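Take this structure, written in structure tokens, and hold onto it; I'll ask about it next.
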Amino acid sequence: MNENSFSPPLLKMIDLNAYDVFMGMGLAFILCAILSRIVRACSSADPTSDRTLARTMILLGAVVSLIMAVIGNSLARAFGAIGALSLIRFRTAVKSTVDLAWLFMSIAIGMTCGSGYYAIATGAAGLFAIFIVILGKLMPEAAPVRTALFKVIYPLNPETASRLQQVAAGLGLHFRLLSESSLNNGSKAEIMFEITLPGETMTADCLKKLCEVAPEVQASVVLE
């Protein structure tokens, strides 16, 4: 028997031409753009964060598609890409674990398009879009909240202090008094408190309501 008959078949090297590469990048761009629009429509997160996430999803899909097309079936190119990408350090924290799922889907679409599986990429993107809509209906996200630290200086008298705490407690979902001290030999007082605010509440509106308690009240946001 021929000794070569027992040797395993060689893997066929698949190198996409320029048309396939650009087709994959374009398709990944379109699919990720559609998904990002659906994500923004079904998400109750901060609009600014949504806009950044949408752009990241679109560009990430196109970039991954190009990387996959360049790598192909070449093990050497795969290790080269891993070595090059390992030099990049991302220091931006992802705020939500759901955002990670959307980013991973963009990567998956880019990998599929870059490998030339256009039908699979299109079908998977459509199925993922259906999943997003279903989860948005069955398991809606909680309204976004944020914590702000306020400092208020006011004329020291019990009525103003009581009124300030009542107004501060009604500004958000949760109120916590952190510190209270006297200023100007006891003529004024300074308090610091923490308020958990709904996403749509502006700190400027909170400061306005605090300053309306008394003419000499000075309010500022220390940390948000």
Side-chain angles (χ1 to χ4, degrees), residues 2 4-141 144:
N2 188 355
N4 293 331
S5 61
F6 294 98
S7 61
L10 295 176
L11 291 176
K12 183 180 179 181
M13 301 296 291
I14 302 176
D15 288 323
L16 303 177
N17 55 36
Y19 174 80
D20 294 328
V21 173
F22 299 148
M23 178 68 179
M25 291 183 65
L27 182 60
F29 182 91
I30 294 173
L31 294 178
C32 291
I34 295 174
L35 284 180
S36 67
R37 296 291 296 180
I38 297 175
V39 165
R40 292 188 63 184
C42 298
S43 175
S44 60
D46 178 58
T48 304
S49 176
D50 273 355
R51 192 177 302 113
T52 303
L53 176 64
R55 293 178 179 176
T56 303
M57 289 178 61
I58 297 171
L59 296 177
L60 188 61
V63 171
V64 172
S65 175
L66 176 61
I67 293 176
M68 288 298 298
V70 171
I71 291 176
N73 285 340
S74 174
L75 188 61
R77 276 182 268 173
F79 279 110
I82 294 174
L85 295 176
S86 65
L87 299 177
I88 302 176
R89 296 291 184 268
F90 297 99
R91 301 185 182 276
T92 302
V94 179
K95 296 181 180 180
S96 173
T97 53
V98 180
D99 295 349
L100 287 176
W102 297 333
L103 293 175
F104 273 119
M105 187 59 193
S106 298
I107 295 175
I109 290 176
M111 294 176 65
T112 310
C113 292
S115 301
Y117 301 111
Y118 306 137
I120 295 178
T122 305
L127 191 60
F128 189 74
I130 295 175
F131 292 161
I132 294 175
V133 174
I134 293 175
L135 287 177
K137 298 294 183 181
L138 298 181
M139 304 173 61
E141 295 182 9

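Predicted, not measured: the structure shown is a model, and the values here were computed from it. We count residues from 1, following the sequence as given.
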- Does a side-chain heavy-atom distance below 4.5 Å link Phe128 with Ile38?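 No, every pair of side-chain atoms sits at 4.5 Å or beyond.
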- Task: Indicate the atoms forming the closest heavy-atom contact of Ala125 with Ile109, along with that distance.
- Result: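 The answer is CB-CD1, 3.9 Å.
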- Query: At their closest point, which heavy atom of Thr112 faces which heavy atom of Ala121, and how far apart are they?
  - Reply: CG2-N, 3.6 Å
- Message: In the structure I gave you, are the side-chain heavy atoms of Asp20 and Tyr118 within less than 4.5 Å of one another anywhere?
- Response: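 Asp20 vs Tyr118: side chains touch.
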- Message: Let me confirm one number: the CG-OG distance from Leu60 to Ser65, rounded to the nearest 0.5 Å.
- Response: 11.0 Å
- Query: Closest approach of Gly110 and Ala28, non-hydrogen atoms and distance?
  - Reply: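 Taking Gly110 first and Ala28 second, the nearest heavy atoms are CA-CB, 4.3 Å.
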- About how many Å separate CD1 of Ile34 and CD1 of Ile58, when rounded to the nearest 0.5 Å?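 One finds 10.0 Å between CD1 of Ile58 and CD1 of Ile34.
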- Query: In Å, rounded to the nearest 0.5 Å, how long is the span from CD1 of Ile107 to CE of Met57?
  - Reply: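 The distance works out to 10.5 Å.
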- Please report the shortest heavy-atom distance between Met68 and Met111, naming the atom on each side. CG-CA, 3.5 Å
